[in-house]
Asks: 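One structure coming up, written as structure tokens, with questions to follow.
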Number of protein chains: 2
Amino acid sequence: MGKNLVGNHIRKLRFNHDEMTQQQLADKVGVTRQTIVALEKGKYSPSLELAFRIARAFHLPLEEVFFYQDNTKP
Amino acid sequence: MGKNLVGNHIRKLRFNHDEMTQQQLADKVGVTRQTIVALEKGKYSPSLELAFRIARAFHLPLEEVFFYQDNTKP
DNA sequence: ACTAAATGTAAACTTTTTTTTACATGATGC
DNA sequence: GCATCATGTAAAAAAAAGTTTACATTTAGT
């Protein structure tokens, strides 16, 4: 879709919560490290399924990890 | 990712909540009707961004429209 | 019966997400 | 100094998501 209106707290959560490395998170959610890098860097936003998996990895509801920045209809 | 572990209540919500047609919902969230059809039929799960938009269209948090069916780690 | 609106199906196509591979950098420990 | 670990970058390729077009079916209204 548009230009990445979805942000996330993955990096913070890795450190603050669980002190997880990119590789550990990647393994936990079943993707490659490059995917985690891309998400942290905001290159694109994940599939809904991956978003759920990541949220679960942090034991958080999805919307506490990913957030939508509203543009349309101000 | 895997084989569609994500379900949704789009169809119910269209009827029960807002009595919206597929076309109206499609317009509201900025995709084609075919995308809505595919999602309702469970052909695939949407991008995270689209999921946010759809949830917003129903004035609901994302996890009340989409849900993750756990498989791994029983 | 005819029409229009809502839905279903499908195939070819484009765009976005994810993988794979490979190399570079900074920090840490020994 | 060397090895290791965590991270960054990048590019080609595969896989999944989303578009477009077109036609079929069902349902409701007149």
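Keep in mind it's a predicted model, so treat the numbers as computed, not measured. The analysis underlying the following values was restricted to heavy atoms, covering all of them including side chains, and did not include hydrogens, waters or symmetry mates. Protein chains get the first letters and strands the later ones, always in sequence-line order, with residue 1 at the start of each.
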Asks: Is any side-chain heavy atom of B:Q22 closer than 4.5 Å to one of B:R11?
Replies: yes

Asks: Looking at every non-hydrogen atom in both residues, tell me the closest pair between A:L25 and A:A57 and how far apart they are.
Replies: CD1-CB, 3.9 Å

Asks: OP1 or OP2 of C:dA5 versus the side-chain N and O atoms of B:T21: is any pair under 4.0 Å?
Replies: no

Asks: Taking atom CD1 of A:I36 and atom CD1 of A:I54, what is their separation to the nearest 0.5 Å?
Replies: 4.5 Å

Asks: Rounded to whole angstroms, how far apart are CE on A:M20 and P on D:dA6?
Replies: 13 Å

Asks: Grab the CD-C1' distance between A:Q22 and C:dG26 for me, whole Å please.
Replies: 14 Å

Asks: Return the nearest nucleotide to the side chain of B:R14; candidates are C:dT17, D:dG8, C:dT7.
Replies: C:dT7

Asks: Please give, in whole Å, the distance from D:dG18 P to B:R53 CZ?
Replies: 11 Å

Asks: Nearest of D:dG18, D:dA22, C:dT17 to any side-chain atom of B:L50?
Replies: D:dG18

Asks: Take the protein atom CD of B:E40 and the nucleotide atom P of C:dT7, then report the distance between them rounded to whole Å.
Replies: 7 Å

Asks: Out of C:dA22, C:dT7, D:dG18, which nucleotide sits closest to the side chain of B:T35?
Replies: D:dG18

Asks: Can you tell me how far P of D:dA11 sits from NZ of A:K43, to the nearest Å?
Replies: 9 Å

Asks: So, is B:S45 close to the D:dA17 phosphate, meaning a side-chain N or O under 4.0 Å from OP1 or OP2?
Replies: yes

Asks: Does a side-chain heavy-atom distance below 4.5 Å link B:F66 with B:I10?
Replies: yes

Asks: For A:V37 and for B:L48, locate the closest nucleotide of DNA chain D by heavy-atom distance; then report the residue assigned to the nucleotide nearer the 5' terminus.
Replies: A:V37

Asks: Report which part of the nucleic acid B:T32 touches: base, sugar-phosphate, or nothing (heavy-atom distance under 4.0 Å, all strands).
Replies: base

Asks: Could you state the atom-to-atom distance from CD of B:Q23 to C1' of C:dG8 in whole Å?
Replies: 14 Å

Asks: Starting at atom CG of A:L39, determine the distance to atom C1' of C:dT17, rounded to an integer number of angstrom.
Replies: 9 Å

Asks: How long is the line joining OH of B:Y44 and P of C:dT9, in whole Å?
Replies: 14 Å

Asks: Can you check whether any acceptor in the base of D:dG18 is under 3.5 Å from a donor in the side chain of B:R33, or vice versa?
Replies: no

Asks: Do B:L50 and B:M20 share a hydrophobic cluster (ILVMFWY, side-chain heavy atoms under 4.5 Å, transitive)?
Replies: yes

